[in-house]
Structure formats: C-alpha cells, structure tokens
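A short write-up of the structure that comes next.
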Amino acid sequence: MAKFLIIGGGGREHAIGWRLHAEGHEVHAAPGNPGLAELGTNHPHPVGDPAALVELAKTLEVDLVVIGPEQPLVDGLADVMREAGVAVFGPSAAAARLEASKAESKTFMAAHGIPTARHVTVTSLDEGLAAVRTFEVPPVVKADGLAAGKGVTVAQTHEEAEDALRACLQGGAFGEAGATVVLEQRLTGQEVSFFVISDGTHAATLLPAQDHKRIGEGDTGPNTGGMGAYAPAPIFTDAVRAKTMARIVAPTLAGLRAQGRPFVGVLFVGLMIDDAGDPWVVEYNVRFGDPETQPLMLGLQAPLGETLLAAVDGTLTDQALPGTPAATVVMASAGYPASSHKGDRIEGLEAAGKTPGVTVFHAGTRGSAQGELETAGGRVLGVCASADALDEALRRAYAAIDQIRFDGMQFRRDIGRRASLV
Ligand code: AMP
Ligand code: GLY
C-alpha cells in the first residue's frame, strides 16, 4: 500500500482519491473537499503555493503526489516537486505547454503530422478580421491561453467570430490569455475525451468518455465546466481507437520525447470523430478531465495506484485499462454558469449514496457553521453510478438524484441518452 497526496479539491480529485482509497491506499489531499475528508486527510495548503506543497509532501513522506488541475502544472509545480526529490504524477511545465498555449499546440501538431483543424494564429485585430473571411464556414475563435474553459467561441456567423476576436484583442476579455488568438476551421462529428496515462513512452488508456458541456438539455444554452459524462462512448470503436493510437497518441508522445519534454502524467486528447470514423484533435489537456474522471474512476477494473506509480517509475506497459460502463450527472448551484449561489443546505446525500452502484462525488461543497453540508457554488455534486450496462448506470444515478435536494439545484435529465440508445 502506498501514500498519496492529491493536489486540488474538485470532483476529479474526489474521484481519484475515492479510487485510491478503495484500493487500500492512504489518501491525503490539499486542499481537498468534504468528500475527500471522509476517506483521508485534508491539508489546508493552497494549490498555488509550491513551496508549502513540497514541504507537505516531504513531511508526510508520501510515495506519490498527483496533481489534479491544469494551472499548477502550467506553473511548474511538477518540476518543483521533482527538483526537491518528490515523486510526482503530472507533466513538466514544458510538456504542459500543450494545454497552456493553443497556438503552440497547433504548431506542434502541424510539425508532427497530427490530424487537427486548419488554423491561423493572430495577435492583432486587423490580422484577425482579415483571416476570418478566409474561412468559408465561420471559424472557431480560441483565446490562446488558459481561460477556465471559457475562451472558445464556436461562432455561427462570421460576425459572431469577429465579435469574439474584438472581445479578445480589443476588449481584453481574457487578459494575456486572449492577446493571441487561434482561428480554427469548425469540425463536425462526435466529441470524445480520451485519457492516456504515460511514462513518457508507453500508454495506458482509459475508456473513451463523453462530456456534456452545455447547461441545457439537448445541448442547448451556455457552455459550462461539464454537466455530466459517461463511458464508454460507443462511437469510439476498435477501428477508431487503432487510428487514434497510431495517428495521434504515438506521434504526440514521440514528438514530446524528441523535444526533450517527455510526458509523464495523463494526456487528455479532446477528439472529434468525423462521419468517416477519422479522429481529429480538438485540443490537448495535460490532466484528467472533470467530470469525465468520475465515471472512469468508478468503473475502472485495474489498479489505479500501481498504474500511476509505474508511470512515474518509467515501468508502464502499453495497455487498454478495462472498465465497466459508468455515468455521472452533475448537480450545479442556482445561477450557474453565469453566476453561482453559495450557502444552500444540501440534504439527502446519505440516502443517495446507498443506491446500489452509486457514489456521490463532491465538487463545490463545504461545511456550514452548524457543521452541515452546504453548496459552495458552481458545480456542487457529481452523482455517479456504474453497472453492467450504461442505461442501468444512468437509471441508478437518476434514482440517487431523486434523494438529493438543495435550493436552486440544476441538472440535466439527458446525460448519456445518446449512447444508451445506440
Ligand atoms: P476547447 O477548449 O479547445 O476544447 O474547446 C471547447 C469546445 O469547443 C470543444 O469541446 C468543442 O465542443 C468546441 N470546439 C473547439 N474547437 C472546435 C472545432 N475546431 N470545431 C468544432 N468545435 C470545436
Ligand atoms: N471536461 C472537460 C475538461 O475537463 O476540460
């Protein structure tokens, strides 16, 4: 058994901690959340304080630090840990550039022949406005840097694309992150979130997952951090998988290695699968996705702890990690995503957690002054279930949701419906 320190405090981190705890490992988290507190020890160290986190890892004598969110990875937390002699699962700042800069990631893909949409990178409004009209279909407009999932506009008209350009390059909508903009040809097809655990050379893959980004049923309304997810995604057949490994995963890992920045951690390839069954990269992330990680951890039929340790030791083998179907339905606070209400009392979690196959992951919860559980804004809970078949997993998740109540709660009733009808 090993001792793990998880950096972060959302649904993703709770799911990773839950899985490691279920495997018998000791779980610490910084800062963690009330869900993680039930299965391990939380430490109040903020994600943005590398010196304090190194000190904590050393004091606890952990076997492995697992970094959840992108910001500390982009800021070099994994490098600081490694330099201090602490074993850490997560890429270097150099490898994390794949997520930190969309312009750089497009250049990387072009250099390595990795299939992705045609693009133009611009840094001035004049350049941008001229480029917009070179796209027959209105282009997707992307702020270059990290923008908490809000930096992308899938424009329906050329005018909308121009407005998005103005917001970035004139209005400073995303600050420095929007000072460079990528215009990209719009891709059509079905999106898949594909997670590859790597030691820099080998790939251990998780089940292909699908996220539901829009707030409203039928994929309507504004984008969110993700209102639900399920795995496996039926569109990702063995044939699609083989193409993805050969055309995307292998050249990405080899390309980074050749550039002296081997990828140790989990590479999240956001894919569009077109009508011909060909995969295209929509974006790279350098961490586990949220909420996708929740069903993936609940359904995983292989040891996570050993796999993460092997990635860091450089002893991973190429494999497709097996898993059972699972789904998570996110319950968000009132007003989300435009605003987010805090302090609403949450009831019924204990009963919900007793539904067979169900685990409720905490994302935006906190203890009230009276010691009760209340909302802390944004996405509050991930109600997650696994079963032999996806439709049964979904039935279980929704049965558990029926037990839960908080003021203004919002959730989608159509999570996974597309897949469960296949
Ligand atoms: P990203 O942050 O790059 O993943 O973009 C957020 C979302 O915008 C993606 O999950 C897609 O739904 C959409 N998107 C991004 N790029 C494209 C594209 N080239 N074509 C169609 N949709 C896209
Ligand atoms: N669910 C998408 C992400 O984590 O970026």
Side-chain angles (χ1 to χ4, degrees), residues 8 10-13 15-16 68-71 73-74 96 98-106 109 114-121 135-156 160-161 164 168 174 177-178 181-195 206 208-215 219-231 233 266-275 278-297 327-328 330 332 337 361 363 378-379 382 415:
R12 161 183 51 210
E13 288 78 17
I16 295 167
E70 60 274 18
Q71 190 71 57
L73 290 165
V74 168
L98 280 193
E99 179 166 357
S101 166
K102 292 188 191 290
E104 283 179 37
S105 81
K106 296 297 281 190
M109 285 185 263
I114 295 166
T116 188
R118 175 173 89 80
H119 83 287
V120 178
T121 298
F135 289 87
E136 203 173 318
V137 173
V140 179
V141 180
K142 302 185 172 187
D144 177 56
L146 295 185
K150 300 195 175 88
V152 175
T153 303
V154 182
Q156 299 305 315
E160 200 186 324
C168 287
F174 303 104
V181 176
V182 174
L183 297 172
E184 198 175 281
Q185 174 204 344
R186 182 143 125 218
L187 298 169
T188 52
Q190 271 204 57
E191 282 186 68
V192 169
S193 301
F194 190 50
F195 298 162
L206 294 167
Q210 257 173 352
D211 186 6
H212 298 61
K213 289 205 166 83
R214 305 297 190 105
I215 186 80
D219 295 324
T220 53
N223 263 326
T224 69
M227 293 301 291
Y230 66 91
V266 59
L267 179 70
F268 166 171
V269 195
L271 296 168
M272 188 74 82
I273 314 299
D274 70 16
D275 290 346
D278 286 317
W280 301 79
V281 178
V282 173
E283 67 163 351
Y284 289 114
N285 295 306
V286 299
R287 46 156 179 97
F288 284 105
D290 203 7
E292 293 95 320
T293 298
Q294 300 175 28
L296 292 174
M297 292 298 111
T328 197
V330 169
F361 294 118
R379 293 182 288 173
I415 300 304

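Read the numbers this way: they start at 1 and go in the same order the structure lists the ligands and their atoms. All values reported here derive from a predicted model rather than from experimental measurement.
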Q.
Test of understanding: given a 4.0 Å heavy-atom threshold, classify the contact between Lys213 and ligand 1 as side chain, backbone, both, or neither.
A. side chain

Q | Short N or O distance, Asp290 and ligand 2, threshold 3.5 Å exclusive | A | yes

Q.
Within this structure, what is the CG-CD distance for the pair Leu146 and Glu70, rounded to the nearest 0.5 Å?
A. 5.5 Å

Q: Number the atoms of ligand 1 from 1 as they appear, then name those within less than 4.0 Å of a heavy atom of Arg186, with their elements.
A: 20 (N), 21 (C)

Q.
Closer than 4.0 Å to some heavy atom of Lys102 - which atoms of ligand 1 meet that?
A. 1 (P), 2 (O), 3 (O)

Q: Any atoms of ligand 2 less than 4.0 Å from a non-hydrogen atom of Glu292? List them with their elements.
A: 1 (N), 2 (C)

Q: Could you find the nearest protein heavy atom to atom 11 (C) of ligand 1 and give me its residue, atom name and distance?
A: Glu191 OE2, 3.1 Å

Q.
Is there a polar contact between ligand 1 and Leu187, counting only N or O atoms under 3.5 Å apart?
A. yes

Q | Pair Val140-Val152, side chain to side chain contact (heavy atoms under 4.5 Å, CB included): steps then yes or no | A | CA-CA 7 Å; Val140 179; Val152 175; 3.6 Å; yes

Q.
Tell me the protein heavy atom at minimum distance from atom 22 (N) of ligand 1, and give that distance in Å.
A. Met272 CE, 4.0 Å

Q.
Counting only heavy atoms closer than 4.0 Å, does ligand 1 sit against the backbone of Val154, its side chain, both, or neither?
A. side chain

Q. Atom CG of Leu183 and atom CZ of Arg186: how far apart are they, to the nearest 0.5 Å?
A. 14.0 Å

Q: For Glu136 and Gln185, run side chain to side chain contact (heavy atoms under 4.5 Å, CB included): C-alpha distance rounded to whole Å, both residues' side-chain angles, the deciding distance at 0.1 Å, then the answer.
A: CA-CA 9 Å; Glu136 203 173 318; Gln185 174 204 344; over 6 Å; no

Q. Does the side chain of Thr116 come under 3.5 Å of the side chain of Lys106 through a donor N or O and an acceptor N or O?
A. yes

Q. Quick one: which of Arg118, Lys102, Lys142 gives a salt bridge (charged side-chain N to carboxylate O under 4.0 Å, His left out) with Glu184?
A. Lys142

**Q.** Atom indices of ligand 1, in the order listed, that fall short of 4.0 Å to a heavy atom of Gln185
**A.** 18 (C), 19 (N)

Q. For ligand 1, which atoms sit closer than 4.0 Å to a heavy atom of Lys142?
A. 3 (O), 15 (C), 16 (N)

Q: State the atoms of ligand 2, each with its element, that fall below the 4.0 Å cut-off from a heavy-atom position in Gly289.
A: 4 (O)

**Q.** Gap between atom CD1 of Ile273 and atom CH2 of Trp280 - 0.5 Å precision
**A.** 11.5 Å

Q: Identify, by atom number and element, the atoms of ligand 2 in contact range of Arg287, meaning under 4.0 Å from any of its heavy atoms.
A: 3 (C), 4 (O), 5 (O)

Q: Using a strict cut-off of 4.0 Å, indicate which atoms of ligand 2 neighbour a heavy atom of Asp211.
A: 1 (N), 2 (C)

Q | Inter-residue atom distance Glu191.CD - Glu283.CD, 0.5 Å rounding | A | 8.5 Å

**Q.** Closest candidate by heavy atom, reference atom 14 (N) of ligand 1, pool Leu271, Thr116, Val282, Thr153
**A.** Val282

Q) Are Phe288 and Leu296 side-chain neighbours, meaning at least one heavy-atom pair lies under 4.5 Å? A) no

Q) Under a 4.0 Å heavy-atom limit, does Phe288 contact ligand 2 with its side chain, its backbone, both, or neither? A) neither

Q: Determine whether Glu99 and Phe268 make a side-chain contact, defined as any pair of heavy atoms from C-beta on separated by less than 4.5 Å.
A: no

Q.
Distance under 4.0 Å to a non-hydrogen atom of Glu184: what atoms of ligand 1 satisfy this?
A. 16 (N), 17 (C), 18 (C), 19 (N)

Q: To the nearest 0.5 Å, tell me how far Leu267 CG sits from Phe195 CZ.
A: 10.0 Å

Q) Between atom NE2 of His212 and atom CG of Asn223, what is the distance when rounded to the nearest 0.5 Å? A) 13.0 Å

Q) Considering only the protein, which heavy-atom contact is closest to atom 8 (O) of ligand 1, and what is its distance? A) Val152 CG1, 3.5 Å

Q) By number and element, which atoms of ligand 1 are closer than 4.0 Å to a non-hydrogen atom of Glu283? A) 1 (P), 2 (O), 3 (O), 4 (O)

